[in-house]
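Each remark here refers to the structure printed beneath this line.
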Amino acid sequence: MMKPEIQAAMNAQINEELFSAYLYTAMVSYFEEINLKGSAKWMRIQVQEELSHAQKFLEYMISRNAKVTLKAINGPKSDWKSPLAAWEAAYKHECHITECINKLYGKASDLKDPATVTFMDWFVTEQVEEEANTSDIVAQMKMVKDAPGGLFLLDRELAARTTGAGAGAGTPSAI
Ligand code: OFO
């Protein structure tokens, strides 16, 4: 049986993952407003990925007979001052999620719950990719910041993302 403290932390993480989906949905809308269709497409896929993360926690909790308690999801921001600012916010958010995942991993380890530690391994690895993807895009955005042609090309490359799975999926390698 899952310890109540871990159960509470997992419920909180479901909320974090659903908030991630909500935040990135707001970014889909922002990128569409400013006609960055590739960025919007990349974020649409990211929304699905975040929902799948929430689902993974849900299924794991069900398999452990833990009680899933869903709380209200906070409203995200809906506007950013530039595409770069939005991508920086996405990177910052992923760093926050990494901290949440690491804390949850640490808690499962401290409370001697090896099944949860093993389950959390996937998320620890996933966060390396989540941070790398957004940080790479931030770096590319900084390079093209004042060059509309560069932004156009970068956005076109972001449109190539087809899946949420796999390292660096849809992340531009070069402009
Ligand atoms: Fe669920 O990893 Fe991003 O937030």
Side-chain angles (χ1 to χ4, degrees), residues 2 6-32 36 38-64 66 68-80 83-109 115-141 157-172:
M2 190 182 278
I6 296 179
Q7 191 170 277
M10 288 221 142
N11 275 313
Q13 192 58 35
I14 290 177
N15 192 278
E16 292 280 357
E17 301 293 345
L18 291 175
F19 177 78
S20 299
Y22 219 23
L23 172 65
Y24 296 144
T25 299
M27 288 185 183
V28 168
S29 171
Y30 168 71
F31 287 133
E32 286 286 353
L36 288 179
S39 299
K41 183 184 171 195
W42 197 100
M43 277 298 172
R44 275 191 182 85
I45 292 170
Q46 190 62 26
V47 168
Q48 295 308 314
E49 187 167 313
E50 298 302 348
L51 293 174
S52 80
H53 293 169
Q55 189 78 19
K56 266 184 200 287
F57 279 103
L58 175 79
E59 298 301 341
Y60 176 69
M61 289 183 78
I62 290 170
S63 73
R64 296 282 309 272
V68 174
T69 312
L70 299 176
K71 300 253 170 60
I73 303 164
N74 290 330
K77 239 181 114 129
S78 54
D79 265 311
W80 288 269
L84 172 61
W87 284 107
E88 281 175 332
Y91 172 63
K92 195 170 157 212
H93 180 68
E94 286 308 327
C95 293
H96 161 71
I97 294 295
T98 299
E99 274 178 39
C100 296
I101 293 292
N102 291 347
K103 274 190 200 152
L104 188 39
Y105 185 100
K107 196 182 286 284
S109 175
T116 300
V117 170
T118 302
F119 170 77
M120 291 303 300
D121 276 343
W122 185 90
F123 283 95
V124 171
T125 306
E126 172 69 4
Q127 279 313 118
V128 173
E129 182 188 317
E130 295 281 80
E131 281 192 27
N133 284 349
T134 44
S135 121
D136 284 354
I137 297 169
V138 166
Q140 304 270 4
M141 280 276 157
E157 199 161 333
L158 290 171
R161 185 179 187 183
T162 54
T163 174
T171 302

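In listed order, ligands and their atoms are each counted from 1. Keep in mind that what you see is a predicted model, and the values were worked out from it rather than measured. Values below: every heavy atom of this structure, side chains too, minus hydrogens, waters and symmetry copies. The chain is numbered in sequence order, starting from 1.
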Check your understanding: Short check: any N/O/S atom of Glu126 below 2.8 Å from atom 3 (Fe) of ligand 1?
Key -> no
Practice item. List every atom of ligand 1 that sits less than 4.0 Å from any heavy atom of Ser20, numbering the atoms from 1 in the order shown and giving each element. Key: 4 (O)
Point to revise | Evaluation steps, ring pair (Phe, Tyr, Trp, His ring centres under 6.0 Å), between Phe123 and Tyr105 | key: CA-CA 9 Å; Phe123 283 95; Tyr105 185 100; over 10 Å; no
Study note, to complete from the structure: Heavy-atom nearest pair, Ser20 first then His93, reads OG-NE2, 2.8 Å
Study note, to complete from the structure: Ranking Glu49, Glu129, His53, Glu94 by closest non-hydrogen atom to atom 4 (O) of ligand 1, top hit is Glu94
Practice item. Please find out if atom 3 (Fe) of ligand 1 and some N, O or S atom of Glu50 are separated by less than 2.8 Å. Key: yes
**Study point:** Ring centres under 6.0 angstrom apart (Phe31, Trp87)
**Key:** yes
Check your understanding: What class does the angle between the rings of Phe119 and Tyr60 fall in, given that below 30° is parallel, 30 to 60° is tilted and above 60° is perpendicular?
Key -> parallel
Check your understanding: Does Asn15 use its side chain to pair, donor to acceptor, with the backbone of Ala72 at less than 3.5 Å?
Key -> yes
Check your understanding: Thinking salt bridges, do Glu126 and Lys56 make one under a 4.0 Å N-O criterion?
Key -> no
**Study point:** Short N or O distance, Gln46 and ligand 1, threshold 3.5 Å exclusive
**Key:** no
Study note, to complete from the structure: Looking at Glu130, the N/O/S atom that lies nearest to atom 3 (Fe) of ligand 1 is called OE2
Review point. Looking at atom 3 (Fe) of ligand 1, is one of the N, O or S atoms of Glu17 less than 2.8 Å from it?
Key: no
**Study point:** Gln127, portion touching ligand 1 at heavy-atom distance under 4.0 Å
**Key:** side chain
